[in-house]
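Computed over heavy atoms, backbone and side chain alike; hydrogens, waters and symmetry mates excluded.
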Amino acid sequence: MDPRIIKLSDILVDFSCRVKKDEKVLIQCYGMTALPLVKILVKKVYSAGAIPFVTLKDDTIHRELVSGCRKDQLELMEKHDMVQMKDMDAFIGIRAHDNVNELSDVPSEKMNQYMRDYSRPISDERVNNTKWVVLRWPNNSMAQLANTSLEAFEDFYFDVCTLDYSRMSKAMDRIIELM
């Protein structure tokens, strides 16, 4: 296992979400390239004495669902997923999109309907009532967008994402005190 993934999971669980014993943590992952992180997060949440829940999603399947969605379908999806979200104390979202443009040809009226009737209410619940963090996962799609190799992009990504943010936060607090 890449030690950078372990370090990142420590930051996500201990710093970003400050997961505590008996808390319920939803780990949601779009794309399968991030499964090594998901696996380590599950172990890390358990080691914190908390309870992990995992939802794996695929963009090509998501595209099909949104392209043909109906209002009653979205309302039922929202109802069921809202129950789960309301039960969560923390949320870790991982976006590992193989193709960042997978939804680009979904008709705008369907995308707007999906956002209004499903995505926005779930997102509002998550943002307002859980400890949460959402991150992208380094993969070929992201490396292409950065005009670099996957290896070089991963090095950059992990250098940035595994900084000592708690130390940085303390330094920022000190700067604010001096102002």
Side-chain angles (χ1 to χ4, degrees), residues 5 8-9 11-13 15-19 23-42 44-45 50-148 150 153-154 156-157 160-161 165:
I5 298 173
L8 179 59
S9 73
I11 292 168
L12 296 172
V13 173
F15 179 75
S16 299
C17 290
R18 291 180 171 86
V19 173
E23 287 186 327
K24 296 168 290 305
V25 181
L26 177 58
I27 303 163
Q28 181 189 75
C29 181
Y30 275 89
M32 300 304 120
T33 58
L35 292 182
L37 175 61
V38 173
K39 184 177 176 181
I40 293 298
L41 284 169
V42 168
K44 180 71 179 164
V45 169
I51 307 163
F53 294 82
V54 175
T55 302
L56 302 175
K57 297 185 177 241
D58 177 85
D59 286 326
T60 60
I61 304 300
H62 185 72
R63 180 182 173 280
E64 292 304 317
L65 280 170
V66 175
S67 293
C69 66
R70 298 173 16 175
K71 184 171 180 54
D72 60 334
Q73 172 192 11
L74 293 172
E75 289 170 349
L76 187 59
M77 287 169 50
E78 185 270 340
K79 176 182 171 183
H80 287 273
D81 288 352
M82 186 64 79
V83 169
Q84 181 184 42
M85 188 59 68
K86 284 181 182 234
D87 281 341
M88 296 298 125
D89 300 295
F91 176 88
I92 300 172
I94 305 156
R95 307 298 182 247
H97 304 290
D98 292 326
N99 176 359
V100 296
N101 296 309
E102 188 65 37
L103 302 176
S104 66
D105 59 349
V106 172
S108 61
E109 66 274 2
K110 288 294 185 183
M111 203 66 210
N112 291 337
Q113 181 182 27
Y114 171 81
M115 295 300 292
R116 180 187 63 247
D117 296 335
Y118 173 78
S119 184
R120 192 165 296 119
I122 298 294
S123 180
D124 288 348
E125 176 64 27
R126 171 180 53 85
V127 168
N128 295 323
N129 297 307
T130 67
K131 300 178 287 184
W132 62 273
V133 62
V134 176
L135 68 148
R136 297 202 183 269
W137 182 250
N139 60 15
N140 284 312
S141 180
M142 286 184 71
Q144 286 174 333
L145 289 171
N147 292 321
T148 187
L150 177 59
F153 188 78
E154 286 175 334
F156 167 77
Y157 176 89
V160 171
C161 290
Y165 285 100

Are the side chain of Ser67 and the backbone N or O of Arg63 linked by a donor-acceptor pair below 3.5 Å? yes
Roughly how far, to the nearest 0.5 Å, is the CG atom of Asp58 from the CD atom of Glu64? 10.5 Å
Using a 4.5 Å cut-off on heavy atoms from C-beta on, say whether the side chain of Met142 contacts that of Phe156. no
Between the side chain of Asn101 and the main-chain N/O of Ser104, is any donor-acceptor distance below 3.5 Å? no
Least distance between heavy atoms, Cys17 atom then Ile92 atom: SG-CG1, 3.9 Å
Is the closest side-chain heavy-atom distance between Gln113 and Lys110 below 4.5 Å? yes
side-chain contact (heavy atoms from CB on, under 4.5 Å) test vs Phe91 passes for just one of Lys131, Glu125, Arg126, namely Arg126
I'd like to check Gln73 versus Leu65 (side-chain heavy atoms, cut-off strictly below 4.5 Å). Are they in contact? yes
Taking the side chain as every heavy atom from C-beta outward, state whether Ile11 and Val133 have any atom pair closer than 4.5 Å. no
Any side-chain heavy-atom pair of Trp137 and Leu8 under 4.5 Å: yes
Measuring from atom OH of Tyr118 to atom NE2 of His80, what distance do you get when rounded to the nearest 0.5 angstrom? 11.5 Å
Working to the nearest 0.5 angstrom, can you tell me the gap between Arg18 CZ and Glu23 CD? 11.5 Å
Atom pair NZ (Lys39) and OG (Ser9), whose distance is rounded to the nearest 0.5 Å: 12.5 Å
Given the rule in the side-chain contact (heavy atoms from CB on, under 4.5 Å) test, do Leu41 and Val54 qualify, once you have shown the distances and angles that lead to the verdict? CA-CA 10 Å; Leu41 284 169; Val54 175; over 6 Å; no
Heavy-atom side-chain proximity of Asp98 to Asp59 below 4.5 angstrom: no
With a sphere of 6.0 Å drawn around CZ of Phe53, does it hold more than 12 non-hydrogen atoms of other residues, nucleotides or ligands? yes
Please walk me through it: do Ser141 and Asn139 pass side-chain hydrogen bond (donor to acceptor under 3.5 Å, both in side chains)? CA-CA 5 Å; Ser141 180; Asn139 60 15; 4.5 Å; no
How close do Val19 and Ala90 get, counting heavy atoms only, and between which atoms? CG2-CB, 4.5 Å
Give a yes or no answer on whether the side chain of Tyr157 reaches the backbone of Arg136 with a donor-acceptor pair at less than 3.5 Å. yes
Restricting to non-hydrogen atoms, name the atom on Arg116 and the atom on Pro121 that form the minimum distance, rounded to 0.1 Å. O-CD, 3.5 Å
Please check if the side chain of Lys57 supplies one atom and the backbone of Tyr30 the other of a donor-acceptor pair under 3.5 Å. no
Quick one: are Glu102 and Thr60 in side-chain contact, heavy atoms under 4.5 Å? yes
Does the distance from a Lys or Arg side-chain N to an Asp or Glu carboxylate O, for Glu75 and Lys71, drop under 4.0 Å? yes
pair His62-Leu103: side-chain heavy atoms closer than 4.5 Å: yes
Could you tell me the separation between the CD1 atom of Ile94 and the CG atom of Leu135, rounded to the nearest 0.5 Å? 6.0 Å
To the nearest 0.5 Å, atom CG of Leu37 lies from atom NZ of Lys44 at 12.5 Å
Atom of Met111, atom of Val66 and distance for their closest heavy-atom approach: SD-CG1, 3.9 Å
